[in-house]
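Notes to accompany the following structure.
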Amino acid sequence: MNLQWYPGHMARAKREMSEKIRQIDVVIELVDSRIPAASRNPLVDEIVSGKPRLLLLNKTDMADPEATAAWKAHFENNGLTVHLVNSQNGQGTSAIAGSVHRLTAARRKRMEEKGFRPHPDRALILGIPNVGKSTLINRLAGKKIAKIADRPGVTTAQQWIKVGKTMELLDTPGILWPKFEDPKTGMLLAATGAIKEELLDFQEIAFFLIKTMLRRYREPLAARYHLSDLPELTGNHDDQDLMIRLLETIGKNRGCLMSGGRVDFDRTAEIIVRDYRSRKLGHLTLELPH
Ligand code: G4P
């Protein structure tokens, strides 16, 4: 993501999206499986305005399969049609057109009843920056489509891409802004790399990742950084000291030392964040459905 979103950007993005949505029959909403709630925009329901919707949990290869199954069930319980996909290698993507076709059955029936021949299912991919929209469009198109800038107001000529026999996909995605207001959401977006690097405090993110792992993914944490006995979180302010000591041990074990032999905390924190993003810490989902 290349810019901060300001109210003006958001209003413009929303307007552009509404225009695009008017032309389509089905919205394909893309989220990141590692942070399925944080990578959604709360305004999506309003923007989609009652059109049938398919929810894709993307980057499933990066997430914890058990957590992904729990999220799928959670969204289905909320009435959504959900698919698990990996846009990078195409896993799960061949089922999209069929699902979209089922979601337009009522529209086709209405058209046929009026004596019209139904047109192909027109779909739009929508999501916040970095969830994989361009990768999925390229995958479905079977070719490389130019990536558009992550900001509203950059208009390009739109084209429809044929996907299978029944679907037509708009070649430019709808870009929603991430919701930063809640600090926890900001942290989740930062941890996965959805926010510009200069805005990040790696130590804060590393602490957040370590905390999550101490709660739910203790083994991969111990294994990656050769930690023989992991502490238990106390839930009170002692946790901060505990995290600093743990970061220090990880720094020592990774040889992240400054002159004089002191641990370089910033570098250690950055290593942890990069290890998470490159899956060296395993397949970790950072939030669970309530
Ligand atoms: P966007 O249009 O929504 O902004 O996202 P984009 O497709 O550019 O994807 C953002 C990053 O996520 C890209 O990596 C892309 O390869 C990766 N990605 C997309 N879908 C998947 C998936 O299902 N699994 C995994 N593991 N990665 C996925 P990048 O490093 O930013 O770019 P690149 O080096 O791959 O070109």
Side-chain angles (χ1 to χ4, degrees), residues 1-59 71 74-75 78-80 82 87 122-138 145-159 169-201 204-205 208 277 286-287 289-290:
M1 181 183 153
N2 301 316
L3 92 170
Q4 281 278 47
W5 288 70
Y6 300 105
H9 287 129
M10 297 178 190
R12 192 161 182 178
K14 205 171 150 191
R15 209 167 44 241
E16 285 178 9
M17 206 82 61
S18 302
E19 279 161 23
K20 281 185 172 172
I21 283 178
R22 238 178 285 133
Q23 310 171 48
I24 56 121
D25 307 304
V26 177
V27 171
I28 299 176
E29 185 192 357
L30 208 54
V31 298
D32 184 328
S33 299
R34 297 168 297 172
I35 51 165
S39 58
R40 291 189 97 193
N41 181 300
L43 286 179
V44 70
D45 291 334
E46 197 185 308
I47 291 166
V48 163
S49 67
K51 295 258 167 149
R53 184 179 354 166
L54 184 64
L55 180 68
L56 303 183
L57 300 186
N58 191 37
K59 306 195 187 187
W71 275 109
H74 166 81
F75 287 125
N78 284 298
L80 287 162
V82 186
S87 299
R122 296 207 175 121
L124 163 75
I125 290 175
L126 181 137
I128 66 165
N130 214 37
V131 286
K133 298 178 299 297
S134 307
T135 310
L136 179 63
I137 292 175
N138 287 334
I145 305 282
K147 185 169 164 99
I148 64 157
D150 285 339
R151 82 184 93 105
V154 180
T155 46
T156 46
Q158 289 181 354
Q159 282 182 29
L169 182 67
L170 207 54
D171 71 342
T172 53
I175 302 170
L176 292 171
W177 57 99
K179 51 177 166 70
F180 288 108
E181 300 90 53
D182 169 7
K184 171 93 189 288
T185 304
M187 190 66 77
L188 291 163
L189 292 164
T192 55
I195 297 177
K196 192 178 168 185
E197 300 255 302
E198 298 93 89
L199 301 173
L200 305 181
D201 176 344
E204 215 182 318
I205 304 167
F208 173 77
R277 292 189 190 155
L286 300 180
E287 59 177 347
H290 301 298

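- The distance from the CG atom of L30 to the CG atom of L56 is 5.5 Å, given to the nearest 0.5 Å.
- No side-chain donor-acceptor contact under 3.5 Å links K184 to the backbone of A38.
- Here CG of N130 is found 10.5 Å from CD1 of I195. Values are rounded to the nearest 0.5 Å.
- Here the CE-CE distance, from M17 to M10, works out to 12.0 Å after rounding to the nearest 0.5 Å.
- The nearest pair of heavy atoms linking D25 to P52 is O-CD, 3.1 Å.
- Contact between P178 and P129 at its shortest, heavy atoms only, is CD-CD, 4.1 Å.
- Inter-residue side-chain proximity for V82 and W71 is flagged as unmet; no heavy-atom pair is nearer than 4.5 Å.
- Scanning all heavy atoms of the two residues, the minimum distance from N58 to S33 falls at O-OG, 2.5 Å.
- K51 places a side-chain N or O within donor-acceptor distance of the main-chain N or O of I21, the cut-off being under 3.5 Å.
- Shown here for A13 and I175, the closest heavy-atom pair between the two residues is CB-O, 4.0 Å.
- Remark: E29 CD to N41 CG distance equals 8.5 Å, nearest 0.5 Å.
- Within the model, atoms CD1 of I24 and CG of L126 stand 8.0 Å from one another, a figure rounded to the nearest 0.5 Å.
- Residues F75 and L57 have side chains in contact (heavy-atom distance under 4.5 Å, counting atoms from C-beta outward).
- Across all their heavy atoms, A191 and L286 have their closest contact at CB-CD1, 3.7 Å.
- Side-chain contact between R53 and L80 is present, with at least one heavy-atom pair separated by less than 4.5 Å.
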Starting from the C-alpha separation in whole Å, work towards a yes-or-no answer on side-chain contact (heavy atoms from CB on, under 4.5 Å) for E204 and M187.
CA-CA 8 Å; E204 215 182 318; M187 190 66 77; 3.4 Å; yes
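- The side-chain contact (heavy atoms from CB on, under 4.5 Å) with R40 is formed by just one residue from the set L55, I128, L176; it is L55.
- Between V131 and K59, the closest heavy-atom pair is O-CE, 3.6 Å.
- In this structure, CD1 on I125 lies 9.5 Å from CG on L170, to the nearest 0.5 angstrom.
- Ion pairing of D32 with R34 is present here, as a side-chain N (NZ or NE/NH1/NH2) and a carboxylate O approach within less than 4.0 Å.
- The closest donor-acceptor contact from the side chain of E287 to the backbone of L188 lies at 3.5 Å or more, if one exists at all.
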